[in-house]
Amino acid sequence: MRITVFGANGPTGRLLTGQALAAGHEVAAVTRQPDSFPLHHDRLEIVGADVLDPGAVDTAVAGRDAVLSTLGVPAGKEPISTYSRGVANIVAAMERHRVRRLAVVSSSGVDPHPYSDGGFVFNRVLLPYVTRVAGKTLYDDMRRMESLIRSTDLDWTIVRPSGLYHLPSVTDYTIVEGHADGRFTARADLAASMLALLDDDRYVHTTIGVITTAENPTLLEWIRREALAKT
């Protein structure tokens with residue numbers, strides 16, 4: 001297939017691009033910093049573009065069979081609109097060029113639930129703080145993005161991972177419709193799940209959770225490796 005990946009230069013986007021190339025697809029990797037993109041392949045086109053630029057998005061989508069978005073924005077107190085504005089441009093371009101298949105990364109934090117293995121501190125302290133305070137503007141914009149996607153007649157799937165972390169290879173991950181009762185998702189599994197959606201119509205017009213069930217970090221390990229590494 002001919003695939004466009006938005007957010008291709010992020011940690012998940014790079015993995016998704018590499019997996020798609022390994023699977024034999026042609027990939028247009030869209031990034032604002034094309035000179036820093038580390039992958040090279042004869043079936044890879046590196047597209048220097050901003051998802052907030054409608055004309056650039058239109059060009060990146062034209063002639064493609066599917067669009068995958070792994071856009072990521074750091075949480076902060078300032079208003080965030082990259083997810084909703086960017087996906088609005090993507091949707092408009094897809095409708096204009098009659099590209100049907102869309103899969104977009106959102107987050108389990110959009111609709112937070114207590115986790116069976118979370119414990120008091122995670123469920124009653126950390127989760128509410130992250131989703132309602134530290135990441136409020138981010139999750140508000142993800143909700144706007146999800147609402148926009150659901151209002152279209154595209155063949156869309158919204159993918160909600162939990163806390164992201166690094167593993168060197170894909171595991172036997174789990175996909176659940178709606179809320180997944182797992183606190184962590186390896187980026188390799190998130191990328192693999194998105195790629196698998198291209199050959200699977202079961203999750204069209206569906207929101208899915210993706211969780212990694214093996215080799216999960218402890219909460220303290222995750223905070224040290226991921227949360228603190230971003231500060």
Side chains of residues 72-90: which donor-acceptor pairs under 3.5 Å do they make with residues two or more places apart or in other chains?
from	atom 1	to	atom 2	distance (Å)
Tyr83	OH	Val73	N	2.9
Ser84	OG	Ser81	O	3.3
Ser84	OG	Asp141	OD1	2.5
Asn89	ND2	Val51	O	2.9

Checklist entry - Would you say Leu154 and Met145 are hydrophobically clustered, going by side-chain heavy atoms of ILVMFWY under 4.5 Å? => result yes

inquiry  = With no hydrogens and no angle check, just 3.5 Å: does a side-chain donor-acceptor pair link Arg160 and Thr185?
reply    = no

Residues at least two apart in sequence or cross-chain that pass ring-ring contact (aromatic ring centres under 6.0 Å, His included) with His113, listed by chain then number, are His179

Residue set satisfying ring-ring contact (aromatic ring centres under 6.0 Å, His included) with Tyr129, at least two apart, ordered chain then number -> none

task = State, without any angle test, whether Arg183 and Asn216 hold a side-chain donor-acceptor pair at a distance under 3.5 Å.
result = no

In plain terms, say whether Glu45 and Arg2 are close enough for a salt bridge, that is, a side-chain N and a carboxylate O under 4.0 Å apart.
no

Across all chains, not counting sequence neighbours, the side-chain hydrogen bond (donor to acceptor under 3.5 Å, both in side chains) partners of Ser116 are Asp181

In residues 167-176, what donor-acceptor pairs under 3.5 Å come from side-chain atoms, sequence neighbours left out?
from	atom 1	to	atom 2	distance (Å)
Thr171	OG1	Asp189	OD1	3.4
Thr171	OG1	Asp189	OD2	2.6

Sidechain-backbone polar pair: Trp222 side chain, Leu164 backbone, donor-acceptor under 3.5 Å: yes

Smallest heavy-atom separation, Gly182 atom then Tyr115 atom, equals O-CE2, 3.3 Å

message = Can you tell me if Arg32 has over 12 outside heavy atoms packed within less than 6.0 Å of its CZ?
response = no

Does NZ or CZ of Arg225 fall inside the cone over Tyr165's six-membered ring, less than 6.0 Å from its centre and within 45° of the axis? no

Are Arg101 and Asp65 close enough for a salt bridge, meaning some N to O gap below 4.0 Å?
no

Please output the side-chain donor-acceptor pairs of residues 92-99 that fall under 3.5 Å, not counting sequence neighbours, one pair per line with the distance.
from	atom 1	to	atom 2	distance (Å)
Arg96	NH1	Asp58	OD1	2.4
His97	NE2	Asp58	OD1	3.1
His97	NE2	Asp58	OD2	3.0

Check Lys136 with Asp140, please: is the shortest side-chain N to carboxylate O separation under 4.0 Å? yes

